Amino acid sequence: METDGLIKKELIPRWLLAEITYACPLQCPYCSNPVDFALKKNELSTEDWKRVFTEARKLGSVQLGFSGGEPCVRRDLEELIAHAHDLGYYINLITSAVGMDEERIKAFKTAGLDTIQISLQAPFRELSDAIAGTKSFDHKIEMAKATKRNGLPLILNFVIDRFNIDYLKDTLELALELDANYVEVANAQYYGFALPNRDLLLPTQEQVKRSELVAQEYQRKYSDKMKIYYVIPDYYENRPKPCMNSWGNIFLTITPDGVALPCHASRSLPNANPPSVLEHSIEWIWKESPLFNRYRGMDWMKEPCKTCPERFKDFGGCRCQAFLLTGDAEIADPVCDLSPYHHIVLDAVKEAKMHEKEATVDKLIYRNPKNSKTFCGIKIERE
Amino acid sequence: MDLNTDKPKLKLGYRLQKDLDKDQFYLLYPEGMVELNQSAALILQLCDGQHSANEILSTLEKSFPDDDIAKDVIDFLGAAYGNGWIN
């Protein structure tokens, strides 16, 4: 399967992302959920999820993230955590903190939860609530404190956009005050709802440079106190990210309705025909399904990736981004300046820069069922 | 590190986990995991805040009597501390 002298090794889905619901009390306009999420109605049952966890663990999965939507919306979350913990997973709850209270945190801990990861939209109430589209800031802070009070490691996830990037210093100060163990400073990635909001969300290069300096300063100063991960915005790179550490290599995502994906954006690929856990075993999905094998190895590559020495490092970048920006999923990620379509990314940066003056939070398209249905409508019209 | 008094312990959020069907241990933590070899797994299992570095060393020496492992064990503990796995 793999070429160019790479040794064929057994691929194991070490990282399992369980998106257990699309329901979410927040409306973040950078959400990576598919814009037509409102069409996906049937959520997997408790027993379905337990079977998924059991089967994936047998294949070697060890890192389990509960995500969504907002995973706390599901009242069987405690039961799912307990089952996954008994199987030996390291379990991270990726949450907005809405739908959680201190009693539930205690129950999660008893069930065997390892870490709680709370999203923050800004270090101040007004801006955070405006970006989230829901009053949530005060509760997030309260739940961050409750997480620490109950002896669980606290991860803060700060998604960066044009509106909050200049407050990174305040955010990291807040993280220190909350005694966070880890802080993820992640530039929004332009999939799902973030893509149609890109002109408004994408920070300028100057903003990004300033924020990188702030992150580096805090990484140096507080290395023994908290770990800071800084995820760079790939639109300002000249080489693509090694997306998912290459296709079908270690990541396995299961969506609320039971579709298995090599990454959470890949549902949008043409003819994806993603396999369902209701029809196939996890083993078949991982090893045999056409979707998971589609971009494994390097045989699928076209020039300039096919002969590029960097293909072993970045695997040609992100298939979904290549498709979303160029309409062809099998060409180089246009973030790469060797791609003949790199101008698309440069134009996007220019276009966003032109919106610098008039960009305001109230112009964003929020992630909610109403806007999702509008997107579906637009899509149907075009077909 | 004081070999007699310091009792290393896995940091909050770090956990050892064995594979289901193989004798393979992993160190798991937020956003990451490390595959451990046999001796590294043994050392980290003893990093429970109950054993001093010297006690860990003598346990390892009993498990690997034919090898001169003192330097490797101390180096590994140093690296584990440097990586933020233990305190």
Side-chain angles (χ1 to χ4, degrees), chain A residues 9-10 12 14-17 53-65 84-94 109 112-118 147-148 150-157 179-186 219 222-231 245 250, chain B residues 1-53 56 63 73-87:
Chain A
K9 66 174 173 67
E10 193 193 357
I12 297 171
R14 296 288 183 205
W15 295 74
L16 179 60
L17 184 70
F53 299 155
T54 303
E55 288 184 27
R57 182 76 185 102
K58 279 186 188 145
L59 285 183
S61 297
V62 280
Q63 281 274 8
L64 172 60
H85 176 75
D86 287 345
L87 292 165
Y89 281 100
Y90 188 93
I91 310 165
N92 182 22
L93 175 58
I94 302 163
K109 193 186 177 193
L113 185 67
D114 288 282
T115 52
I116 295 184
Q117 174 175 327
I118 298 178
T147 297
K148 292 295 299 192
N150 286 281
L152 279 167
L154 172 66
I155 306 174
L156 291 179
N157 178 268
D179 198 17
N181 303 80
Y182 300 84
V183 184
E184 274 186 18
V185 181
Q219 278 169 334
Y222 300 102
S223 61
D224 57 335
K225 213 173 149 14
M226 67 183 187
K227 261 195 187 157
I228 303 171
Y229 297 97
Y230 185 87
V231 182
N245 213 13
I250 51 172
Chain B
M1 191 189 323
D2 187 312
L3 298 182
N4 287 311
T5 56
D6 283 354
K7 294 182 173 174
K9 189 177 178 203
L10 279 180
K11 261 195 194 167
L12 180 68
Y14 288 74
R15 191 156 72 66
L16 289 171
Q17 180 65 47
K18 196 177 151 296
D19 243 354
L20 275 188
D21 49 357
K22 280 179 282 187
D23 214 16
Q24 167 70 54
F25 276 89
Y26 300 91
L27 178 66
L28 300 170
Y29 50 93
E31 305 294 314
M33 56 182 293
V34 180
E35 264 185 63
L36 301 169
N37 64 28
Q38 199 191 349
S39 51
L42 203 52
I43 294 170
L44 289 179
Q45 279 172 283
L46 293 164
C47 289
D48 55 3
Q50 306 292 316
H51 300 85
S52 72
I56 294 173
S63 304
V73 173
I74 301 304
D75 283 353
F76 178 80
L77 284 171
Y81 181 79
N83 290 335
W85 301 346
I86 56 172
N87 52 18

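Keep in mind it's a predicted model, so treat the numbers as computed, not measured. Every chain is numbered from 1, with letters handed out A, B, ... down the list of sequences.
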Checklist entry - Do the side chain of A:Gln63 and the main chain of B:Pro30 share a donor and acceptor less than 3.5 angstrom apart? => result no
Below 4.5 Å from any heavy atom of chain B, which atoms of [X] appear? Answer side chain, backbone, both or neither.
X	result
A:Lys227	side chain
A:Tyr182	side chain
A:Tyr229	side chain

Minimum heavy-atom separation for [X] and [Y], please, with both atom names.
X	Y	result
A:Trp15	B:Met33	NE1-SD, 4.2 Å
A:Val62	B:Leu28	CG2-CD2, 3.9 Å
A:Pro153	B:Gly13	CG-CA, 3.5 Å
A:Arg14	B:Tyr26	NH2-OH, 2.7 Å
A:Leu152	B:Leu12	C-CD2, 4.4 Å

Checklist entry - So does B:Lys18 have more than 12 non-hydrogen atoms from other groups sitting under 6.0 Å from NZ? => result yes
Item to check | Exceeds 12 heavy-atom contacts within 6.0 angstrom, atom NZ of B:Lys9 | outcome: no
Next on the checklist: To the closest 0.5 Å, what do you measure between CZ (B:Arg15) and CD1 (A:Ile91)?
Outcome noted: 7.0 Å
Next on the checklist: Rounded at 0.5 Å granularity, tell me how far CZ in A:Arg57 sits from CD in B:Gln17.
Outcome noted: 5.0 Å
Next on the checklist: Under a 4.5 Å cutoff for heavy-atom pairs, which residue among A:Thr115, A:Ile155, A:Asn181, A:Asp114 has the most contacts with chain B?
Outcome noted: A:Asp114
Checklist entry - At a heavy-atom separation under 4.5 Å, does B:Gln24 approach chain A through its side chain, its backbone, both, or neither? => result neither
